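Shown next, in structure tokens, is the structure this report addresses.
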Amino acid sequence: MTSLMIEQFTCRQDNFGVLLHDPLTGETASIDAPDAARINGRLGQDGWKLTHLFVTHHHPDHVEGIPALAQASSLTIIGPAAEAAKIAGLTQTVGDGDTFKFAGRTVQVISTPGHTAGHVCFYIPDEGLLFAGDTLFALGCGRLFEGSPEDMFRSLSRLAELPDETRVYCGHEYTQSNARFAVSVDPDNEALAKRMQDINDLRSKGLPTLPTTIGFEKRTNPFMRTGDPAIRKQLGMETASDVEVFAELRRRKDSF
Ligand SMILES: [Fe+2]
């Protein structure tokens with residue numbers, strides 16, 4: 001079995017479009033549908049035909065392209081059962097722990113409430129791939145629009161349990177501003193300082209900073225490092241719980 005091919009491209013302002021393609025079966029999935037025209041353009045360029053859509057959550061910048069894409073061909077459109085009422089066109093609804101097949105691979109659904117109440121991530125263990133939507137970003141995490149800090153902390157903790165080498169694709173290119181915040185709360189982290197340089201370098205060339213990996217995030221993303229003594233000291237929260245530290249980080253980032 002050859003590996004799945006992946007195309008990542010920017011959509012709208014700072015969204016990512018991601019296409020997943022199996023050369024053997026021809027099956028092709030789009031992760032979310034930020035912009036039908038951009039996705040169709042990319043499909044045409046590669047000569048791929050869209051067969052699946054994996055939808056992470058109901059926000060317009062992730063679902064607006066669904067009707068146009070669904071009109072063009074018959075698609076399997078898989079999204080969170082908990083948000084089915086807010087996402088038009090789903091043909092299959094899924095929840096935590098559900099699995100389905102894509103191009104012969106098992107896709108695992110991980111429920112990650114916090115950004116939205118029903119947000120799901122899609123994990124393909126055979127490929128070491130995670131599609132994290134707006135739950136986990138490089139050096140950051142999604143804003144808490146519909147969930148509590150505890151919800152999001154639990155969601156990120158679940159993602160942290162995946163193998164370190166798991167490649168993570170995210171919904172947005174927010175890395176540079178996330179990095180500025182990360183350095184402000186974790187100033188002595190050498191891996192983070194080095195990453196900041198790499199990020200600035202990539203962005204100055206107009207290149208994406210994604211995908212990342214779970215291991216990389218665990219070493220440098222403050223929202224996954226709530227137990228770190230240096231971060232806790234920086235916040236003056238040495239004895240607080242992990243959820244309290246997470247909530248304080250999220251609160252500060254919201255107004256950073
Ligand atoms: Fe979102």
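All of these numbers come straight from a predicted model, not from anything done at the bench. First listed ligand is number 1; within each ligand, the first listed atom is number 1.
In this structure, Arg251 pairs ionically with Glu248, as a charged nitrogen and a carboxylate oxygen lie closer than 4.0 Å.
At least one N/O/S atom of His59, whether from backbone or side chain, sits less than 2.8 Å from the Fe ion (ligand 1). Using a cut-off of 2.8 Å, one finds that His119 contributes no N/O/S atom close to the Fe ion (ligand 1). Under 2.8 Å from the Fe ion (ligand 1) lies no N/O/S atom of Asp61, from backbone or side chain alike.
In this structure, Trp48 and His21 have parallel ring planes: the angle between them is below the 30° cut-off, well short of the 60° mark.
Defined by atom type and a distance below 3.5 Å, a donor-acceptor pair is present between the side-chain atoms of Thr135 and Thr112. No side-chain N or O of Thr213 forms a donor-acceptor pair with one of Arg167 less than 3.5 Å apart.
There is a path of hydrophobic side-chain contacts, each under 4.5 Å, that joins Phe153 to Ile110.
The Fe ion (ligand 1) lies at the vertex of an angle of 90° between the OD2 atom of Asp134 and the NE2 atom of His115 (rounded to 10°).
Closest to the Fe ion (ligand 1) among the N, O or S atoms of His57 is NE2.
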